2 protein chains.
Amino acid sequence: MAGRVTLDDIAQRVGVSKTLVSLVLNGKAERYGISKQTCDRVFVAVHELNYRPNQTARSLRTGKTRTIGLVVSDISNAFYANLAREFEDLATAQGYSVFICSTDEDVEKEKSLITMLRNRQVDGLVVSSSQDKTDWLNAINDGGTPLVLIDRHLGNNTLSAVVGANRKGGRMLARHLVEQGFQNPLVIGLSTNHISSVAERIEGFVEVFKNENLEYAVHEVGFHSVQSDVVNLLNGIEAKRFKPDCLFAVNNNIATAVLQYLSAKNVKVPNELGLVCFDDMPYFSIIKPSVTAVEQPIAKICSKAFGILQELMETGSNSKTTGVVEIPVKVKIRESSMLKSN
Amino acid sequence: MAGRVTLDDIAQRVGVSKTLVSLVLNGKAERYGISKQTCDRVFVAVHELNYRPNQTARSLRTGKTRTIGLVVSDISNAFYANLAREFEDLATAQGYSVFICSTDEDVEKEKSLITMLRNRQVDGLVVSSSQDKTDWLNAINDGGTPLVLIDRHLGNNTLSAVVGANRKGGRMLARHLVEQGFQNPLVIGLSTNHISSVAERIEGFVEVFKNENLEYAVHEVGFHSVQSDVVNLLNGIEAKRFKPDCLFAVNNNIATAVLQYLSAKNVKVPNELGLVCFDDMPYFSIIKPSVTAVEQPIAKICSKAFGILQELMETGSNSKTTGVVEIPVKVKIRESSMLKSN
DNA sequence: CTGAAAGCGCTTACAG
DNA sequence: CTGAAAGCGCTTACAG
């Protein structure tokens, strides 16, 4: 029976109209000059009957669901899991609930999830998109669902985006490697290299070696076959013409696969092969050698993105854009890339 | 303007009633003998106007939201992140969306999140509860929101629960340690030791050493201070009367903190100190020495839990319970606990 | 200070 | 085969 209690029930109990009850419950008592006494009678009844407002009905009437959709490639990826948690906390503090969806880097899946979320009338969308064009998402944003991109952008266009300073991170890693005397890096990217985060990491990285006139190579592994692709890539490495003296894994999943391989093959890091990567993980400082990685400021990325989204949701001005906001990153230099002892 | 298209709009466009349109859209055309031709006209209009049904309105009318609440202690914990992903896939496949909430092991927070989710009219709840009593959650389940416990149970009572075989896992780890010649384990538990999963891991583990008449100790660390508590605990260890020759970390967060400490202090594992833990992580097989851990069958736990929940949601028989369902676990024996070479 | 009424956008008996 | 009407549980002008 609990849960079937409605506004009418409590209105009857108190002997007032449901308008009155609604007003009181929404904190508009004062504005309408409703007496403290009446309010209390309402509160008592609410408590006695254990009334819980039906948020669905409320949403239908107000057009607001206090709900946000968070769309990422894979919530089980530690980076996105951390991001989701930060975002959840921000959202909950403001009375929002969040739907979390994983796209597996599949554009069609992303679109259908976003459409589903819009049908559920989410007030806003935060997406780490796998798309390479901006039009589809632009239409969503213009169509009344505020949207901010996170972790990846689609060019400095109409959509707001909050990302880590990927290009700079890549550059910093490369400079550090050069300083340490490394000369020929192999970059292990993703088949989804069009994604801005990955692309910029690689661009920034490669730029440095290009300027130094050093030879490098860029290879890709598939999103769904990271581990086996890494194995295949590294297995033949000595036989190939290009012999890298260090590796750059563009994200934490690739880094883990690389570490797995190097550990199994007993490759000596950093002397036989140096290693740097993106997305610092707790275990990178535990293992031997510890791993040099770029740490992204997830909390800052989330709070910035949430702030922008909130502004859009509240003002309803979905035409306004903040462009691409870049949050500084930090490189954690560790043993895997230190040829010289500092 | 897209998004503002309603059933009425498309009814007008086609020149039929919205009843008709609704019937067609819900696949009831055949049942009501609506002509193929009429259906097609509806579909065309839907497509032309880019109609998307308002799920909120639908929910209010039907009383179903096709929404599930997943409540765990922390979505950024790798174990729950994986669990959430498995659960998301199962739910999405059946047209459900899932709200994910983190409680930080705080009972009041858990209650307020669950109440919020109920106000949002979720069709069902899956919770990894921090509560030690069953009455509050029972009331929820009896009050019309089907609920299944996951990862932890509250005794073999009215609520359905799906958990890993924690006691057995603890026992297996202990037997393995004994076989390897370890004699005096230090168990590092959590201040939330009342939680069934942790409690049973410890019980199963301790039971073995008790039967062998071997001395052991159980200490606890705080949920919010795992790292510092682990440091404090292990720091004084040589000076204490009880000197362990191996450690049992009851979950992956504790294990990571322990590894961090052991690595920093250059403790030789397993010779100076053996280590076993719960919740296998990819990096456990990368690091040296690799870490012995119990692997929980997350996919199976989720599919079982989802199946039970679905049954409850569809039949509405929230009084039925399957009791506590235990899913077998596997222990991954690795170097951190191998004194004898096998 | 308070209430009757409309309406958010659907679905579903009911009637023809 | 099809439509008019009621109603899910709220909020919000509007009127007094």
Side-chain angles (χ1 to χ4, degrees), chain A residues 1-42 45-46 49-67 118-123 144, chain B residues 1-42 45-46 49-67 118-123 144:
Chain A
M1 281 296 86
R4 303 254 135 272
V5 181
T6 118
L7 219 45
D8 259 327
D9 295 327
I10 108 114
Q12 285 192 335
R13 171 83 152 224
V14 179
V16 294
S17 73
K18 57 179 180 177
T19 303
L20 200 289
V21 177
S22 173
L23 258 21
V24 171
L25 259 30
N26 288 309
K28 299 184 179 171
E30 208 153 349
R31 194 178 321 167
Y32 284 82
I34 298 169
S35 75
K36 180 91 174 54
Q37 200 185 350
T38 310
C39 289
D40 283 344
R41 282 164 61 216
V42 168
V46 162
L49 298 182
N50 189 25
Y51 169 73
R52 293 177 301 107
N54 182 324
Q55 176 66 36
T56 300
R58 187 177 219 278
S59 293
L60 179 57
R61 177 58 223 249
T62 62
K64 296 290 174 199
T65 53
R66 285 262 147 192
T67 279
R118 294 189 78 208
N119 293 357
R120 288 181 180 281
Q121 312 298 121
V122 293
D123 292 342
Chain B
M1 282 298 86
R4 304 251 135 275
V5 181
T6 115
L7 218 46
D8 259 327
D9 294 328
I10 108 116
Q12 285 191 337
R13 171 82 154 226
V14 179
V16 294
S17 73
K18 56 180 178 176
T19 303
L20 200 289
V21 176
S22 173
L23 258 20
V24 171
L25 258 31
N26 288 309
K28 299 183 178 171
E30 207 153 352
R31 196 177 322 165
Y32 284 81
I34 298 168
S35 76
K36 181 89 176 55
Q37 199 185 349
T38 309
C39 289
D40 284 344
R41 282 164 59 216
V42 169
V46 162
L49 298 182
N50 189 26
Y51 169 74
R52 293 177 302 107
N54 182 322
Q55 176 66 36
T56 300
R58 187 175 219 277
S59 292
L60 179 57
R61 176 58 223 246
T62 62
K64 295 290 174 199
T65 53
R66 285 262 145 191
T67 279
R118 293 189 79 207
N119 293 356
R120 289 182 180 280
Q121 313 298 121
V122 293
D123 292 343

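Bear in mind that the values here come from a model prediction, so they are computed numbers and not experimental data. Naming convention: chains lettered A, B, ... in sequence-line order (proteins, then strands); numbering from 1 in each chain.
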Student: Name the stems that DNA chain C belongs to, where each is three or more consecutive Watson-Crick or G-U pairs with both distances under 3.5 Å?
Tutor: C:1-3 with D:14-16, C:5-12 with D:5-12, C:14-16 with D:1-3
Student: Output all residues satisfying side chain to side chain contact (heavy atoms under 4.5 Å, CB included) with B:Thr67, sequence neighbours left out; order by chain, then residue number.
Tutor: A:Phe99, A:Arg120, B:Thr65, B:Phe99, B:Val122
Student: Testing A:Ile10, A:Val5, A:Val14 for side-chain contact (heavy atoms from CB on, under 4.5 Å) with A:Val46, which one passes?
Tutor: A:Ile10
Student: For a quick test of reading the model, state the closest non-hydrogen atom pair linking B:Gln121 to A:Pro53 and the distance between them.
Tutor: OE1-O, 4.4 Å
Student: State the OG1-CD distance between B:Thr6 and B:Gln12, to the nearest 0.5 angstrom.
Tutor: 8.5 Å
Student: Between B:Gln121 (CD) and D:dC8 (P), how many Å, whole number?
Tutor: 14 Å
Student: Could you list all the side-chain hydrogen bond (donor to acceptor under 3.5 Å, both in side chains) pairs where at least one residue sits in residues 21-34 of chain B, not counting sequence neighbours?
Tutor: B:Ser22-B:Asn26, B:Asn26-B:Arg58
Student: Looking for any heavy atom pair under 4.0 Å, which part of the strands does A:Ser59 touch: base, sugar-phosphate only, or nothing?
Tutor: nothing
Student: Which nucleotide in the set C:dG9, D:dC10, D:dC1 lies at the smallest distance from any side-chain heavy atom of B:Ser35?
Tutor: D:dC1
Student: Among residues at least two apart in sequence or on other chains, which ones pass side chain to side chain donor-acceptor pair (under 3.5 Å) with A:Ser59?
Tutor: A:Gln55
Student: Please report the distance separating the P of C:dT12 from the corresponding atom of D:dC1, rounded so that it comes out in whole Å.
Tutor: 22 Å
Student: Output the rounded distance in Å from CG (A:Leu20) to P (D:dG9).
Tutor: 20 Å
Student: Tell me: CZ of A:Arg66 to C1' of D:dC10, nearest whole Å?
Tutor: 17 Å
Student: Using a cut-off of 4.0 Å on non-hydrogen atoms, how would the nucleic acid contact of B:Thr56 be classed: base, sugar-phosphate, or nothing?
Tutor: nothing
Student: Who pairs with A:Asp40 by salt bridge (charged side-chain N to carboxylate O under 4.0 Å, His left out), at least two apart in sequence or on another chain?
Tutor: A:Lys36
Student: Check the distance between D:dC10's P and B:Asn119's CG and give it to me in whole angstrom.
Tutor: 10 Å
Student: For the pair made of CZ in A:Arg58 and P in C:dC8, what is the distance, rounded to whole Å?
Tutor: 18 Å
Student: D:dC8 P sits how many Å from A:Asn54 CG, rounded?
Tutor: 11 Å
Student: From C:dT2, C:dG3, C:dG9, pick the nucleotide closest to the side chain of A:Val16?
Tutor: C:dG3
Student: Restricting to side chain to side chain donor-acceptor pair (under 3.5 Å), what partner residues turn up for A:Asp9, sequence neighbours left out?
Tutor: none
Student: To the nearest Å, give me how far apart CG (A:Leu7) and P (D:dG7) are.
Tutor: 18 Å
Student: Distance check needed: D:dC10 P versus A:Asp8 CG, whole Å only.
Tutor: 8 Å
Student: Take B:Lys36 and B:Leu60, find for each the nucleotide of DNA chain D with the closest heavy atom, and name the residue whose nucleotide sits nearer the 5' end.
Tutor: B:Lys36
Student: Considering non-hydrogen atoms only, spot the tightest contact between B:Tyr51 and B:Leu25 and give its length.
Tutor: CE2-CD2, 3.6 Å
Student: Sequence neighbours excluded, which residues qualify as salt bridge (charged side-chain N to carboxylate O under 4.0 Å, His left out) partners of A:Arg13?
Tutor: A:Glu48
Student: Among D:dG3, C:dC10, D:dC10, which is the nearest nucleotide to the side chain of A:Ala57?
Tutor: D:dC10
Student: Identify each atom pair where a protein N or O and an N or O of nucleotides 12-16 of chain C are less than 3.5 Å apart, giving names and distance.
Tutor:
from, atom 1, to, atom 2, distance (Å)
C:dT12, OP2, B:Lys28, NZ, 2.7
C:dT12, O4', B:Arg61, NH2, 2.9
C:dT12, O4, B:Thr19, OG1, 3.2

